[in-house]
*Asks:* 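This is the structure, below, for whatever I ask next.
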Amino acid sequence: MAGSSPPGASTLDPKITAAVIYYGTEPWPLNDEPKRFPPLLILHGDADQVISVEHGRHLALVAKQLGAPVDLVIYPGEMHGFAPT
């Protein structure tokens, strides 16, 4: 799953028991703050110019604060979607 919809879906649907997020950002569009996250694996390139790696870091922080196990893997030099340079 990529982008912002998967994190949002994972906060709303308790049937989602884990999620892999590529170049993730905060979940939106949500009317309320997330109350839960499943375990997350977040994969993000640090050269992403579309969604800053800081968004991935923030998603990891918010999910951890809500008690979710999170693995954040940052790939040096990788662009958005791990597209070839």
Side-chain angles (χ1 to χ4, degrees):
M1 302 177 119
S4 57
S5 296
S10 70
T11 66
L12 298 173
D13 188 346
K15 295 177 192 170
I16 297 175
T17 58
V20 177
I21 310 297
Y22 295 97
Y23 49 88
T25 187
E26 294 181 43
W28 64 273
L30 294 178
N31 294 328
D32 299 315
E33 290 291 316
K35 305 263 190 283
R36 70 168 291 276
F37 279 95
L40 298 178
L41 170 59
I42 304 169
L43 309 172
H44 210 119
D46 72 354
D48 191 331
Q49 296 178 353
V50 177
I51 298 175
S52 165
V53 70
E54 292 308 316
H55 288 277
R57 288 186 176 116
H58 188 258
L59 174 60
L61 176 66
V62 170
K64 284 180 183 179
Q65 288 174 339
L66 291 174
V70 177
D71 286 321
L72 172 63
V73 181
I74 298 173
Y75 292 88
E78 290 296 326
M79 309 264 307
H80 187 75
F82 305 99
T85 56

*Asks:* Has H44 got a side-chain atom pairing as donor or acceptor with H80's backbone, closer than 3.5 angstrom?
*Replies:*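 Not confirmed, H44 side chain does not pair with H80 backbone.
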*Asks:* Just how far is it from atom CG of D48 to atom CG of D46, taken to the nearest 0.5 Å?
*Replies:*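 Taking CG in D48 and CG in D46, the distance rounds to 9.5 Å.
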*Asks:* Please answer: with hydrophobic residues joined when any side-chain heavy atoms are less than 4.5 Å apart, are V73 and L61 in the same cluster?
*Replies:*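 V73 and L61: separate clusters.
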*Asks:* Please name the pair of heavy atoms, one in P38 and one in A68, separated by the smallest distance, quoted to 0.1 Å.
*Replies:*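 For P38 versus A68, the nearest heavy atoms are O-CB, 3.5 Å.
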*Asks:* Can you tell me how far apart OH (Y22) and CD1 (I51) are? Round to the nearest 0.5 Å.
*Replies:*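 If I round to the nearest 0.5 Å, the distance is 14.5 Å.
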*Asks:* Would you give the length of the straight line joining atom CD1 of I21 to atom CG of L72, rounded to the nearest 0.5 angstrom?
*Replies:*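 So the gap between those two atoms works out to 11.5 Å.
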*Asks:* Kindly indicate whether the side chain of L43, heavy atoms from C-beta on, has any atom under 4.5 Å from the side chain of V20.
*Replies:*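 The answer is yes; the side chains approach within 4.5 Å.
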*Asks:* Using side-chain contact (heavy atoms from CB on, under 4.5 Å), reason through F37 and V70 one step at a time and then give a plain yes or no.
*Replies:* CA-CA 9 Å; F37 279 95; V70 177; over 6 Å; no
*Asks:* What are the two closest non-hydrogen atoms of G56 and I42, and how far apart are they?
*Replies:*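 Minimum heavy-atom separation between G56 and I42: O-CD1, 4.0 Å.
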*Asks:* Specify the closest pair of heavy atoms between L66 and P34, including all atoms of both residues, with the distance to one decimal.
*Replies:*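 Heavy-atom minimum between the residues: CD1-O, 3.5 Å.
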